[in-house]
Every structure is written in structure tokens, then in C-alpha cells.
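Position 1 is the first residue of the sequence, and the numbers go up from there. Computed from a predicted structure; not experimentally measured.
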Amino acid sequence: MSLRNSVNRPPTPDAVEDQEKEPTLQEIINIKMIESGEKEKLMELLRERLVECGWKDEMKALCRAYIKKKGTNNVTVDDLVHVITPKGRASIPDSIKTELLLRIRAFLASAAL
């Protein structure tokens with residue numbers, strides 16, 4: 001009679017760890033918005049509004065000024081993102097933020113979430 005050596009395998013996870021985590025409310029809302037196409041509509045609305053108010057041109061100008069200051073060969077995309085992102089987020093007009101928030105609230109009300 002030959003005894004087989006035990007196979008090395010990781011311990012069996014606890015039942016709690018085995019179950020998938022419940023999605024957060026934010027994740028559920030994101031999934032619903034993607035499935036309905038609402039997220040893409042909101043992204044398009046945001047793009048339009050940012051172009052209309054001159055925000056996009058302002059960000060281009062900031063990027064160009066930073067590149068000119070540092071030199072073309074001394075700037076990476078990561079550098080630009082790191083420097084420009086805080087300025088970009090801070091300079092989005094409140095009217096655009098309010099419009100998007102109202103659209104999101106209307107979607108949530110209609111989706112009964």
C-alpha cells in the first residue's frame with residue numbers, strides 16, 4: 001500500500017470570503033447609467049459645454065505654456081496631467097456642474113434608485 005503525499009494547495013477560503021462582495025451604491029448607479037446609455041449622453045453634454053464656455057481652449061493654452069516653459073523634450077504626458085488636472089477641475093464653471101448634477105438626479109429619480 002503506497003501512501004500519497006498531500007498535495008500542496010492553498011487552504012480553503014472561509015464561506016464569507018468565497019462570496020462575492022455586494023456592489024456599492026455608486027457601482028450600481030454607474031452600471032445602470034452605462035447600461036441605459038445615460039453616462040455616454042452626460043459625457044457628450046459635458047464635452048459640448050466645456051467647448052462652448054472656452055474651457056477646452058483654456059486647457060490647451062495652459063498645456064502649451066507649460067511645454068514652452070519647460071521645453072518640448074523635457075515634458076511628458078504624465079507631467080502635463082499632473083500639473084493641468086487640478087487647474088482643469090477647479091476651473092469647470094459651476095453652471096456646468098449644476099446642469100450635470102440635475103441630469104444625474106433626474107436619471108436616479110426615473111430609474112427609482
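- Using modelled atom types, no side-chain atom of Asp79 and backbone atom of Val75 make a donor-acceptor pair closer than 3.5 Å.
- A search for side-chain hydrogen bond (donor to acceptor under 3.5 Å, both in side chains) contacts involving Thr72 returns nothing, not counting sequence neighbours.
- For the atom pair CD1 of Ile28 and NZ of Lys32, the computed distance is 8.0 Å after rounding to the nearest 0.5 Å.
- Side-chain contact between Ile104 and Glu38 is absent, with no heavy-atom pair separated by less than 4.5 Å.
- In terms of the side chain to side chain contact (heavy atoms under 4.5 Å, CB included) criterion, residue partners of Glu44 (sequence neighbours excluded) are, by chain and number, Arg47, Glu48.
- One distance of note links CG of Leu42 with CZ of Arg103; it measures 5.5 Å at 0.5 Å rounding.
- For Ile96, the side chain to side chain contact (heavy atoms under 4.5 Å, CB included) partners are Leu46, Arg49, Leu50, Cys53, Ile92, Pro93, Leu100, not counting sequence neighbours.
- Contacts of Thr24 classified as side chain to side chain contact (heavy atoms under 4.5 Å, CB included), with partners at least two apart in sequence or in another chain: Gln26, Glu27.
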What pairs of donor and acceptor atoms, side-chain ones from residues 55-63 against any protein atom, are under 3.5 angstrom apart with sequence neighbours left out?
{"from": "Trp55", "atom 1": "NE1", "to": "Gly88", "atom 2": "O", "distance (Å)": "3.0"}
{"from": "Trp55", "atom 1": "NE1", "to": "Ser91", "atom 2": "OG", "distance (Å)": "3.0"}

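- Its side chain within the 4.5 Å cluster rule, Val81 clusters with Val77 among the Ile, Leu, Val, Met, Phe, Trp and Tyr residues.
- Side-chain contact between Arg89 and Thr85 is present, with at least one heavy-atom pair separated by less than 4.5 Å.
- Met43 is not connected to Leu108 by any chain of hydrophobic side-chain contacts under 4.5 Å among Ile, Leu, Val, Met, Phe, Trp and Tyr, and they are in different clusters.
- With hydrogens and angles ignored, the 3.5 Å screen pairs a side-chain donor or acceptor of Ser110 with a backbone N or O of Phe107.
- Within a 6.0 Å radius of NZ in Lys97, more than 12 heavy atoms belonging to other residues, nucleotides or ligands are found.
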